[in-house]
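On a predicted model such as this, the values are computed, not experimentally measured, just so you know. Numbered from 1 within each chain, the chains take letters A, B, ... in sequence-line order.
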Amino acid sequence: MDPVVVIDFETTGLSPDMGDRATEIAAVFIRDGRIVDQYQSLMNAGVRIPSFIEHLTGISNAMVREAPPASQVMAEVADFVGDYPLVAHNASFDRKFWDAELARIGRRTPQAFACSMLVSRRVLPQAPNHKLGTLVEYAGLPVTGRYHRAQADAEMAAYLTLYLERALMERFGLQAVSHDLLGRIQRTAKTQLENCIARYGGAAAGSG
DNA sequence: TGCCAGGCCCTCTTTAGGGCCTT
């Protein structure tokens with residue numbers, strides 16, 4: 001696969017439009033089928049974390065109070081990501097916070113997002129469900145830490161992305177799976193996966 | 001511990017409703 005960065009946010013809730021903010025981010029750089037670099041940091045956005053979220057993630061208000069400001073962390077992670085395309089599990093969620101937090105510091109990143117959840121629905125329709133933890137267990141991938149912490153979730157989403165890449169290569173005889181092909185797969189109706197690969201898989205092979 | 005959002009997807013659909021997934 002062409003180099004991509006897998007990101008994962010922990011936040012105070014589900015929607016930046018409702019005032020929710022990021023509390024932690026991790027970014028995992030994958031190249032040539034393996035993780036080659038990582039960035040992770042808690043961040044202080046100056047908002048209170050609901051107790052439910054504290055229990056869910058293990059990220060407390062005390063931890064975030066001592067973290068660097070969100071503006072600093074987002075600038076650092078944006079520099080880390082650069083122009084590389086992004087992957088996230090349920091990317092619509094992470095994209096909302098990525099765009100909202102970067103907008104707060106006057107930055108934007110135009111690169112494409114691919115979604116490991118939507119791709120897994122196409123490639124692994126037989127999985128019990130398509131939650132990250134379920135897919136990690138289903139595929140026999142390493143549990144790299146506590147679920148709902150950014151570093152662990154980003155690493156596991158990265159391993160899942162590599163697993164999906166290998167599954168597509170073996171199933172369809174592809175030489176490579178580009179980020180663009182992942183995007184096409186996630187937008188393809190589930191009955192049209194073969195047609196999508198036939199149309200775009202060849203162009204992807206050897207391009208990444 | 002979730003009542004909050006929103007994009008995507010499926011079907012008992014398309015003039016709609018509801019489940020999945022993320023925190």
Side-chain angles (χ1 to χ4, degrees), chain A residues 5-28 40-64 67 70 73-74 77 86-104 111-139 141 143-161 163-164 181-196:
Chain A
V5 180
V6 183
I7 68 167
D8 186 80
F9 274 105
E10 304 306 319
T11 72
T12 63
L14 294 173
S15 173
D17 291 338
M18 299 287 288
D20 293 321
R21 296 293 306 274
T23 58
E24 186 180 41
I25 188 168
V28 174
Q40 177 275 332
S41 182
L42 291 165
M43 68 181 91
N44 184 356
V47 297
R48 181 161 187 82
I49 304 171
S51 60
F52 165 74
I53 302 292
E54 284 188 314
H55 285 94
L56 177 70
T57 64
I59 298 171
S60 68
N61 283 287
M63 291 164 65
V64 167
V73 172
M74 289 307 301
V77 72
L86 294 168
V87 176
H89 198 70
N90 196 18
S92 65
F93 172 85
D94 291 280
R95 181 169 206 161
K96 285 188 300 186
F97 282 93
W98 181 251
D99 290 343
E101 293 292 348
L102 287 180
R104 285 177 173 273
Q111 67 263 58
F113 265 82
C115 177
S116 57
M117 182 193 76
L118 294 178
V119 173
S120 69
R121 283 180 177 172
R122 295 287 170 267
V123 179
L124 305 173
Q126 70 278 22
N129 61 57
H130 297 87
K131 296 177 183 177
L132 179 60
T134 301
L135 291 167
V136 165
E137 181 179 357
Y138 176 80
L141 302 174
V143 177
T144 59
R146 173 179 175 154
Y147 286 109
H148 293 301
R149 284 302 300 266
Q151 177 95 34
D153 280 4
E155 286 182 8
M156 289 187 281
Y159 285 123
L160 173 62
T161 300
Y163 178 89
L164 293 168
L181 182 59
L182 293 180
R184 292 184 186 279
I185 289 170
Q186 75 185 47
R187 295 190 299 270
T188 295
K190 69 176 183 180
T191 57
Q192 296 298 313
L193 177 60
E194 283 74 12
N195 290 341
C196 177

Mind checking the [atom1] distance from [N] to [M]? Whole angstroms is fine.
{"N": "B:dC3", "M": "B:dC20", "atom1": "P", "result": "15 Å"}
{"N": "B:dC12", "M": "B:dC8", "atom1": "P", "result": "23 Å"}
{"N": "B:dC21", "M": "B:dT15", "atom1": "P", "result": "27 Å"}
{"N": "B:dT23", "M": "B:dG7", "atom1": "C1'", "result": "16 Å"}
{"N": "B:dG18", "M": "B:dT14", "atom1": "C1'", "result": "15 Å"}

Selection: residues 185-196 of chain A, any non-hydrogen atom under 4.0 Å of DNA chain B
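Here the set is A:Gln186, A:Lys190.
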
With the side chain of A:Asn90 defined as its heavy atoms from C-beta on, choose the nearest nucleotide among B:dG6, B:dA5, B:dT1.
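Closest of the options to the side chain of A:Asn90: B:dG6.
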
Selected nucleotide, minimal atom distance to A:His55 side chain, candidates B:dG6, B:dC8, B:dT1
B:dT1

Measure [atom1]/[X] against [atom2]/[N] and give the value in whole Å, please.
{"X": "A:Phe97", "N": "B:dG6", "atom1": "CZ", "atom2": "P", "result": "11 Å"}
{"X": "A:Leu14", "N": "B:dG6", "atom1": "CG", "atom2": "P", "result": "10 Å"}
{"X": "A:Leu56", "N": "B:dT1", "atom1": "CG", "atom2": "P", "result": "9 Å"}
{"X": "A:Met43", "N": "B:dT23", "atom1": "CE", "atom2": "C1'", "result": "13 Å"}
{"X": "A:Phe113", "N": "B:dC8", "atom1": "CZ", "atom2": "P", "result": "13 Å"}
{"X": "A:Met117", "N": "B:dC9", "atom1": "CE", "atom2": "P", "result": "8 Å"}
{"X": "A:Phe93", "N": "B:dC8", "atom1": "CZ", "atom2": "C1'", "result": "16 Å"}
{"X": "A:His89", "N": "B:dG6", "atom1": "NE2", "atom2": "P", "result": "21 Å"}

Dump the intermediate steps for side-chain contact (heavy atoms from CB on, under 4.5 Å) on A:Val64 and A:Ile59, then the final yes or no.
CA-CA 7 Å; A:Val64 167; A:Ile59 298 171; 3.6 Å; yes

With a non-hydrogen cut-off below 4.0 angstrom, is [X] in contact with a base, only sugar-phosphate, or nothing?
{"X": "A:Asn129", "value": "sugar-phosphate"}
{"X": "A:Asp8", "value": "sugar-phosphate"}
{"X": "A:Arg121", "value": "base"}

Please examine the side chains of [Y] and [X], heavy atoms only from C-beta on, and report whether any two atoms are closer than 4.5 Å.
{"X": "A:Thr23", "Y": "A:Leu42", "answer": "no"}
{"X": "A:His130", "Y": "A:Leu135", "answer": "yes"}
{"X": "A:Leu160", "Y": "A:Leu132", "answer": "yes"}

Between A:Arg122 and B:dC10, is there a contact of a side-chain N or O with OP1 or OP2 at under 4.0 Å?
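Affirmative; the distance criterion is met.
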
Does A:His130 make a side-chain N or O approach to OP1 or OP2 of B:dC20 shorter than 4.0 Å?
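For A:His130, the contact criterion (side-chain N or O under 4.0 Å from OP1 or OP2 of B:dC20) is not met.
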
Can you tell me which residue pairs pass the salt bridge (Lys or Arg N to Asp or Glu O under 4.0 Å) test with a partner in residues 7-23 of chain A, sequence neighbours excluded?
A:Arg21-A:Glu101

Residue pairs meeting salt bridge (Lys or Arg N to Asp or Glu O under 4.0 Å), one or both in residues 181-191 of chain A, sequence neighbours left out, come to A:Asp180-A:Arg184

Assess whether one donor atom and one acceptor atom, taken from the side chain of A:Ser51 and the base of B:dT1, lie less than 3.5 Å apart.
yes

Aromatic contact between A:Phe97 and A:Phe93, with the criterion being ring centroids under 6.0 Å apart: yes or no?
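Yes, close enough.
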
Any idea how A:Trp98 and A:Phe113 line up, ring-wise: parallel (<30°), tilted (30 to 60°), or perpendicular (>60°)?
perpendicular

Quick one: on DNA chain B, does A:Ser15 or A:Thr57 contact a more 5' nucleotide (nearest heavy atom)?
A:Ser15

Pick the closest DNA chain B nucleotide for A:Asp17 and for A:Lys131 by heavy atoms, then say which residue is nearer the 5' end.
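Looking at the nearest nucleotide for each, A:Asp17 comes out on the 5' side.
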
